[in-house]
Amino acid sequence: MTKLDESPYTILGIPKDSEPEAIKKAYRKLALKWHPDKHQEAADKEVAEKKFKKIAQAYEILSDGKKKSALDREAGRTRRPFREEVFREFSTVIRFSSATEPGKAVSTTKTTTTTKVIDGKKIVTKRTEDNGKEMVETYEDGKLKSQVVHATAVAAN
């Protein structure tokens with residue numbers, strides 16, 4: 001199977017007409033199966049991390065109405081490269097750190113990066129959620145243009 005054939009639907013193993021609950025159920029099942037913490041061998045853990053990332057990206061697209069509609073519209077058009085563009089445009093990394101001591105909470109960090117080209121400028125928006133705190137950074141052609149923490153603007157360099 002080529003990279004272009006790996007649509008979010010294929011990755012989650014669901015039909016294109018799946019309801020949101022079925023999408024969520026498929027994501028949860030695969031995320032539990034491929035969670036890196038469940039794979040202890042170094043080689044297995046690396047494979048699991050890659051699969052887990054693909055699963056998270058697929059769910060990110062299919063659980064967002066706008067992203068899913070864009071994917072579905074383009075899938076009907078035979079312009080196959082768009083699928084990969086949609087994947088590249090919305091990349092998400094979810095990190096889990098488990099508590100090693102009793103009584104400590106598990107922490108999660110979710111980072112979503114969106115890349116667009118607007119008027120010839122590469123605009124990258126990086127959104128990081130870390131245990132309820134949110135930070136949004138916007139870069140234009142590699143230079144930080146704005147940074148918002150908890151909806152409070154912070155001056156860029």
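Owing to the predicted nature of the structure, the values given are computational and were not obtained by experimental measurement.
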**Student:** So T113 and T125, do their side chains get closer than 4.5 Å, heavy atoms only?
**Tutor:** no
**Student:** Could you check whether any side-chain heavy atom of K45 comes within less than 4.5 Å of a side-chain heavy atom of D37, counting everything from C-beta outward?
**Tutor:** yes
**Student:** Is the side chain of T10 donor-acceptor paired with the backbone N or O of E6 at a distance under 3.5 Å, no angle test?
**Tutor:**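 No, because the side chain of T10 does not come within donor-acceptor range (under 3.5 Å) of the backbone of E6.
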**Student:** Under a 4.5 Å cut-off applied to non-hydrogen side-chain atoms, are T112 and E60 in contact?
**Tutor:** yes
**Student:** Would a 4.5 Å heavy-atom cut-off, applied to side chains only, mark I11 and L30 as touching?
**Tutor:** no
**Student:** Considering residues at least two apart in sequence or located in another chain, which fulfil the side chain to side chain contact (heavy atoms under 4.5 Å, CB included) criterion with E140?
**Tutor:**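 Testing E140 for side chain to side chain contact (heavy atoms under 4.5 Å, CB included), a comparison that skips the adjacent residues, returns K121, I123, K145.
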**Student:** I'd like to check the side chain to side chain contact (heavy atoms under 4.5 Å, CB included) partners of K29; sequence neighbours left out, ordered by chain and number.
**Tutor:**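 Listed in chain order: nothing, the list is empty.
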**Student:** By salt bridge (charged side-chain N to carboxylate O under 4.0 Å, His left out), which residues pair with K68, not counting sequence neighbours?
**Tutor:**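 Residues passing salt bridge (charged side-chain N to carboxylate O under 4.0 Å, His left out) with K68: D72.
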**Student:** First locate atom CD1 of I55, then atom NE2 of H35, and finally report the distance between them rounded to the nearest 0.5 Å.
**Tutor:**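 Answer for the CD1-NE2 pair, I55 versus H35, is 11.0 Å.
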**Student:** Answer yes or no: is there a donor N or O on one side and an acceptor on the other, between the side chain of E21 and the main chain of S18, under 3.5 Å?
**Tutor:**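 No; zero donor-acceptor contacts below 3.5 Å.
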**Student:** In Å and rounded to the nearest 0.5 Å, what is the CZ to NZ distance from R127 to K110?
**Tutor:**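 One gets 9.5 Å once the value is rounded to the nearest 0.5 Å.
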**Student:** Report yes if some heavy atom in the side chain of V124 is under 4.5 Å from a heavy atom in the side chain of K122; otherwise report no.
**Tutor:** yes
**Student:** Please report the interatomic distance CH2(W34) to NZ(K54), rounded to the nearest 0.5 Å.
**Tutor:** 11.5 Å
**Student:** Distance check, rounded to the nearest 0.5 Å: K24 atom NZ versus I14 atom CD1?
**Tutor:** 13.5 Å
**Student:** Considering residues at least two apart in sequence or located in another chain, which fulfil the side chain to side chain contact (heavy atoms under 4.5 Å, CB included) criterion with K50?
**Tutor:**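 By the side chain to side chain contact (heavy atoms under 4.5 Å, CB included) rule, K50 matches E46.
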**Student:** State which residues pass salt bridge (charged side-chain N to carboxylate O under 4.0 Å, His left out) with R28; sequence neighbours excluded, sorted by chain then number.
**Tutor:**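 Residues passing salt bridge (charged side-chain N to carboxylate O under 4.0 Å, His left out) with R28: none at all.
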**Student:** Could I get the full list of side chain to side chain contact (heavy atoms under 4.5 Å, CB included) partners for A31, not counting sequence neighbours?
**Tutor:** Y27, F52
